[in-house]
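Here the structure is laid out as structure tokens; the discussion comes afterwards.
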Amino acid sequence: QVQLVESGGGFVQTGGSLGLACFASGRALSEYPIGWFRRPPGKKREFVSAISKSGMTTVYADSVKGRFIISRNNANNTAYLHMNDLRSEDTAVYYCAASGVHNPKWESKIEYHWWGQGTQVTVSS
């Protein structure tokens, strides 16, 4: 089955930018819709963004619209989350996930079957 490995987390100042990557192995990334979720400290996991297998459809949570961009490069089996104008409330562990459903409910955690290990993003003032 597909394995997902995330990278790119770290520390960034308020208003800054950071890019995350999610590398897939075992199976081709092109087989899966990809979602990004995050878990802020002390809170439950929440939806951030999702992208269809072809990349033609993208979905964003209201909290990140206009600031984050999701993309994918199926040729190198990598999905990305480019985060701009970061705020303190963006501090969280960010997870990449792959769905085993052809057309998943984008914001539903239950629709995603394989998850990366998570990467910490810390936004400081």
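What you see is a predicted model; the values in this text were computed from it and never measured.
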> Are Val2 and Glu31 close enough, and set up right, to give a side chain to side chain contact (heavy atoms under 4.5 Å, CB included), and what steps lead you there?
Replying inline: CA-CA 10 Å; Val2 66; Glu31 298 182 27; over 6 Å; no
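- Looking at Asn77, its side chain does come within 3.5 Å of a backbone N or O of Leu29 through a donor-acceptor pair.
- The OH atom of Tyr32 sits 8.5 Å away from atom CG of Leu4, with the distance rounded to the nearest 0.5 Å.
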> When you look at Arg87 and Arg67, which way does the side chain to side chain contact (heavy atoms under 4.5 Å, CB included) test go after all the steps?
Replying inline: CA-CA 10 Å; Arg87 307 163 181 171; Arg67 299 190 298 120; 3.5 Å; yes
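- The line from OG1 of Thr58 to CD1 of Ile34 is 14.0 Å long, rounded to the nearest 0.5 Å.
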Using a 3.5 Å cut-off and no angle test, enumerate the donor-acceptor pairs between side-chain atoms of residues 10-23 and protein atoms at least two apart in sequence or in another chain.
unit_1	atom_1	unit_2	atom_2	d
Thr14	OG1	Ser124	O	3.2
Ser17	OG	Asn84	OD1	3.0

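- Here the CD1 atom belonging to Ile70 is positioned 9.5 Å from the NE2 atom belonging to His82, to the nearest 0.5 angstrom.
- Taking CZ of Arg72 as the start and NZ of Lys53 as the end, the distance is 9.0 Å to the nearest 0.5 Å.
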> Would Val123 and Glu89 count as a side chain to side chain contact (heavy atoms under 4.5 Å, CB included) if you check the C-alpha gap in whole Å, the side-chain angles of each, and the deciding distance to 0.1 Å?
Replying inline: CA-CA 8 Å; Val123 184; Glu89 53 262 43; over 6 Å; no
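- Cation-pi contact between Arg45 and Tyr95: present, with separation from the ring centre below 6.0 Å and deviation from the ring axis of at most 45°.
- Salt-bridge annotation for Glu46 and Arg38: present, with a side-chain N of the basic residue lying under 4.0 Å from a carboxylate O of the acidic one.
- Contact between Val59 and Glu107 at its shortest, heavy atoms only, is CG1-OE2, 4.5 Å.
- For the pair Ser99 and Pro104, the tightest heavy-atom approach, listed with the atom from each and the gap, is OG-CB, 3.4 Å.
- Closest non-hydrogen pair, Asp90 versus Tyr94, comes out as O-OH, 2.7 Å.
- When all heavy atoms of Glu6 and Gln117 are compared, the closest pair comes out as O-NE2, 3.0 Å.
- In terms of heavy atoms, Leu81 sits closest to Ser49 at CD1-CB, 4.2 Å.
- In this structure, Lys65 pairs ionically with Asp62, as a charged nitrogen and a carboxylate oxygen lie closer than 4.0 Å.
- Contact record, Trp106 with Phe37: O-CZ, 4.3 Å, taken as the closest heavy-atom pair.
- For the atom pair OH (Tyr80) and OG (Ser7), the distance works out to 9.0 Å, reported to the nearest 0.5 Å.
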>> For a side chain to side chain contact (heavy atoms under 4.5 Å, CB included) check, start with the C-alpha distance between Met83 and Val121, then their side-chain angles and the critical distance, and finish with the verdict.
In response: CA-CA 10 Å; Met83 304 181 293; Val121 173; 3.9 Å; yes
